[in-house]
Participant: 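Structure below; questions to follow.
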Amino acid sequence: MHRNHVYVFDVLRADPARLDDLDAVRGALTDLVADAGLHAVGAEAVHRFAPQGLSLAILLAESHVAVHTWPEHGAAYVTLTSCRRPDDGFVERTRAALATALAGTVVVREVPAA
């Protein structure tokens with residue numbers, strides 16, 4: 001039995017304005033959590049970089065989800081670590097949703113459980 005599942009969503013060629021928009025990024029992560037049937041607990045952690053870019057993490061009952069953005073490069077990555085494996089369609093739905101929300105291309109990697 002694997003105790004953790006790790007997904008990395010690499011966002012490329014995204015809209016720099018969206019990558020620097022905290023509400024847009026937060027909405028993308030909140031939608032990911034809801035779609036996966038996961039449960040946010042406590043407050044989120046946010047850090048804004050000057051002159052642009054941000055990091056946002058949401059603590060989950062099942063582990064955590066985080067995003068780090070580099071608007072100047074049109075790039076970001078989202079990581080989801082969970083003790084529960086989402087349903088079979090989750091990865092593709094999340095890839096498509098992040099591509100739409102951040103106006104970019106998204107490549108997905110699943111990190112093998114140890």
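Position 1 is the first residue of the sequence; numbering continues from there. Just so it is clear, the model here is predicted, and its values are computed rather than measured.
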Participant: Could I get the full list of side chain to side chain contact (heavy atoms under 4.5 Å, CB included) partners for A101, not counting sequence neighbours?
Facilitator: A28
Participant: Do I58 and H64 pass the side chain to side chain contact (heavy atoms under 4.5 Å, CB included) test, and can you show the C-alpha distance, the side-chain angles, and the key distance before you say yes or no?
Facilitator: CA-CA 6 Å; I58 301 173; H64 65 279; over 6 Å; no
Participant: For the pair R18 and D21, find out whether any cationic side-chain nitrogen is under 4.0 Å from an anionic carboxylate oxygen.
Facilitator: no
Participant: Answer yes or no: is there a donor N or O on one side and an acceptor on the other, between the side chain of T69 and the main chain of L19, under 3.5 Å?
Facilitator: yes
Participant: Regarding S55 and H47, is there a side-chain donor-to-acceptor distance under 3.5 Å anywhere?
Facilitator: no
Participant: So, taking the atom named CZ in R95 and the one named CZ in F90, what distance separates them when rounded to the nearest 0.5 Å?
Facilitator: 12.5 Å
Participant: Mind checking whether L98 and V6 sit in one hydrophobic cluster, side chains of I, L, V, M, F, W, Y counted as touching below 4.5 Å?
Facilitator: no
Participant: Taking atom OG of S63 and atom CG of N4, what is their separation to the nearest 0.5 Å?
Facilitator: 7.5 Å
Participant: With rounding to the nearest 0.5 angstrom, report the OH to OG1 distance, Y7 to T81.
Facilitator: 10.5 Å
Participant: May I have the step-by-step check of side chain to side chain contact (heavy atoms under 4.5 Å, CB included) for V78 and V8, ending in yes or no?
Facilitator: CA-CA 6 Å; V78 175; V8 179; over 6 Å; no
Participant: Which value, rounded to the nearest 0.5 Å, describes the distance between R93 atom CZ and D31 atom CG?
Facilitator: 12.0 Å
Participant: According to salt bridge (charged side-chain N to carboxylate O under 4.0 Å, His left out), who are the partners of R48, at least two apart in sequence or on a separate chain?
Facilitator: D20
Participant: Test L102 against D15 for side chain to side chain contact (heavy atoms under 4.5 Å, CB included), laying out the working first.
Facilitator: CA-CA 6 Å; L102 302 175; D15 179 352; over 6 Å; no
Participant: Quick one: OG1 on T94 to CG on L32, what's the gap to the nearest 0.5 Å?
Facilitator: 4.5 Å
Participant: Do L12 and V106 sit in the same hydrophobic cluster, where Ile, Leu, Val, Met, Phe, Trp and Tyr count as joined when their side-chain heavy atoms come under 4.5 Å apart?
Facilitator: no
Participant: I'd like to check L56 versus L29 (side-chain heavy atoms, cut-off strictly below 4.5 Å). Are they in contact?
Facilitator: yes
Participant: Looking at every non-hydrogen atom in both residues, tell me the closest pair between F9 and V91 and how far apart they are.
Facilitator: CE2-O, 3.9 Å
Participant: In the hydrophobic cluster built from side-chain contacts under 4.5 Å, what are the other members alongside Y77?
Facilitator: W70
Participant: Using the rule that two of Ile, Leu, Val, Met, Phe, Trp, Tyr join whenever any of their side-chain heavy atoms come within less than 4.5 Å, decide whether V67 and V41 are in one cluster.
Facilitator: no
Participant: Could you measure the distance from the CZ atom of R26 to the CD atom of E44? Nearest 0.5 Å is fine.
Facilitator: 4.0 Å
Participant: Treating Ile, Leu, Val, Met, Phe, Trp and Tyr as nodes and any side-chain heavy-atom pair under 4.5 angstrom as an edge, say whether V11 and F49 lie in one connected cluster.
Facilitator: no
